[in-house]
Every structure is written in structure tokens, then in C-alpha cells.
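Note that these values count all heavy atoms, side chains included, but never hydrogens, waters or copies made by symmetry. Nothing here was measured: the structure is a model prediction, and the numbers come from that model. Numbers restart at 1 for each chain; the letters A, B, ... are given by sequence-line order, proteins then strands.
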Amino acid sequence: MSGSGCGRYMYCVVKLTGEEGTLGRIGLDGNEVYPLLSNGLAALVHNCGAEPYGSEDDSVLRRWVVSHQQVVEAAQSQFGVVLPMRFNTIVRDTDERAADINVRRWLASEGDALRRKLEKLSGHDEYGVQVFWDPRVIASAMRGSHPELARLEAEIRSCTQGTAYMYRQRLDRLLRQEVEKAAQSRFTDFHRTIKRCVSDLRVERTRNGTGGRMLMNVSCLVPSHGIEPLSHELEKIDGMDGFETRLTGPWPPYSFATD
Amino acid sequence: MEINDGDLKQGILGLVVTLVEVIRDALRHQAVRRMETGSLTDVEIERLGKALLELDNAIELIKDEMGIAEAVKSVRDGLDKVVDDLIADMVSPPRALAGAREGALE
């Protein structure tokens, strides 16, 4: 890391008064992680350069991210509640003393908001919920029940070649529309159901590739030891034809650290 | 950069046929829409349908003979991904740590 200036790499914020004891060399690249205190709060940091951590090599990036996660988890077991920072959150200034002051000043000025968030997160874990669906299962269930689809299917069987082609295109279009509508309404149902079982919920971006198409991807804030209602609802969804759920966690509450 | 003559030809053919398919899709879409809005007679529906069917068959034949079915599919998949990523980024900007969490699961 080059460039002028000094930085404090921020892992998380915790409640801490009194001692500024170190957490040891558990940070990125074996850097020493320690607390900077102000006003009953502490930011867990390590000393770094002014530039963010970057690499062309994905495995290096991954190693850093894993280190970051491990520090946050260690902090969570030591302090109970943490407000995790995202990877590569760095507070910097022209020299070491100024960088320290910047962190402490931030803790002081944001103190109330930070305390409020820590309060909200206290006694909770983050879980990830993903629902996958197979559009073909939904589509075939629909073919029987939807009147116009059934009519089109019948007509296609009995008409001439060119007309059959056109009707088949219409059928495909209609089917796709209806399946999309069904997916939308399922999404709304699942969202409502899941929301009732958790303290807070964030809708995340869906990603495709692993095991079927992803219908929804949400981060949930769940009371610790209170995962039962959520996993019960997910079991019900799993029981539905063409749907599959995946529950991951508990994680430190990254998704709920910011508004 | 090394360019193999054969690969270049395949690549260009793949792009050309992809373009033809995209245009074919647009034509097909237009035809079906006109049928749905009732602006085609039964005779016109039959004639359009037959023409589009023959177009489909011709495209498949060309892909087969030139051995570019894979090349065309990969161009189309690539295009789809570009659009998907663009839309997803517009809807919600990427988040480094969320991505890392997903990565840890794979």
C-alpha cells in the first residue's frame, strides 16, 4: 500500500468503555486489531495506508474478505453486539494522530445513531433466505387450469401448419406472461409471510446459476434462538410444487448496519 | 494477438446468424401482436405463420451446416447477461460484502 497519509481500517463498532486492549494480530495480512474509544463506543481498527485494499487476484481479495469476516465474528463473540462495517471501509488523514482523531470524532458525533442501531441489533442474528423456483413446474400446472391456454392447445392440434405456428407463438407468450404474474404474486405472498416472522427484512438482488432460478433473495434480522417461526414457514414453501428454499446464517448483521 | 482464420470466420458467421435470429424474433413478435389485435385475416395468419416457420427452418439448417449453433448460443447468452447485469445494477447497486457472503457459500 503506497500513497501519502495514514488510515484506520474499520471492522466494526461495539459498545466499550475503559480499556483499549488489543484483539491481537487477527486482521487483514496479520495486522493488529485494536479499539479506538470515544463516548462509550469503540471502533475496531487496524493501522493501514490511505489507499483501499485492491488486487487483480481474486484469491487475494477473497482472503482479505474472509479475514474481515473473521474479525467481525470474533468481535461479536467477545462483545455480543457489533455494527459491522463493509470490507474496505477506511478512515484516513495526513498522519497517524489525525486518523485516530477522525475515528474518535466520528464515534462521538454519530454516537446516538450508532447506539440506537446497536440497540436494534442486540439479541438478533442475520440470516439469508433464498427461494428458488422452477418455471416449468408452474407452467405445466397452469396449462390445465387456464382457459385460454387450454383453448389454444386444442386449436393448435386441429389447424393448418402456418396457423398452428402462430397460435403456438401466442401460447408461449401468454404462458410466459402468466407464469411471470404467478411468480410476482408468489413473491408478494412469501415476502409478507417471511416479514411476519422476523424483526426486519431487506430485499437483495437475485442471482442466477446455482440450482434453478432465484425468485427472491432476502436478508432477515431474526431474534437469536427465534429462528423456528421462519424455518417453519420456509418448510411450508419447500412443500409447494416447484419451489425450494435455502436458509443461511447466522451472520453478523452486515445488511442491517446501515439504513 | 493470434487470430486463427477458421476461428475468425466462425466468429463472424456466429455474429451474423445471431443478428438474423434477433431480427427474426422481432418479426415474429410483430406478427403475433398483429394477430392478437385482430388486424390479420385467417388467410394472412396462415401465410405469415408458414413464412416464419420456413425462416426458422432455414436458420436451423444454416447453423447445422456451418457448425455454429454453439457460437450463436454463446453470443446470445452473452448479450442476455449484459442486459441482466445492467438492469440489476440499476435496480440495486452491487455490494462488496454481500457478494463475498454469497461467494463463501459456493
For the residue pair A:His68 and A:Tyr9, does the interplanar ring angle fall in the parallel (under 30°), tilted (30 to 60°) or perpendicular (over 60°) class?
perpendicular
So which residue, B:Leu53, B:Val32, B:Leu48, ends up with the most heavy-atom pairs under 4.5 Å with chain A?
B:Leu53
Taking the side chain from A:Ser67 and the backbone from A:Arg63, do they hold a donor-acceptor pair closer than 3.5 Å?
yes
Please assess B:Lys63 against B:Glu60 for the test salt bridge (Lys or Arg N to Asp or Glu O under 4.0 Å), listing each intermediate value before the final yes or no.
CA-CA 5 Å; B:Lys63 288 200 295 197; B:Glu60 289 309 303; 3.4 Å; yes
Of the backbone (N, CA, C, O) and the side chain (C-beta and beyond), which part of B:Glu46 lies under 4.5 Å from a heavy atom of chain A, both, or neither?
both
Side chain, backbone, both or neither: which part of B:Arg33 has an atom under 4.5 Å from a heavy atom of chain A?
side chain
Where does A:Arg173 contact chain B at under 4.5 Å (heavy atoms): side chain, backbone, both or neither?
side chain
Roughly how far apart are A:Trp133 CH2 and A:Phe187 CZ, rounded to 0.5 Å?
12.0 Å
Using heavy-atom distances under 4.5 Å, tell me whether B:Asp84 contacts chain A through its side chain, its backbone, both, or neither.
neither
Less than 4.0 Å between a side-chain N and a carboxylate O, is that true for B:Asp25 and B:Arg76?
yes
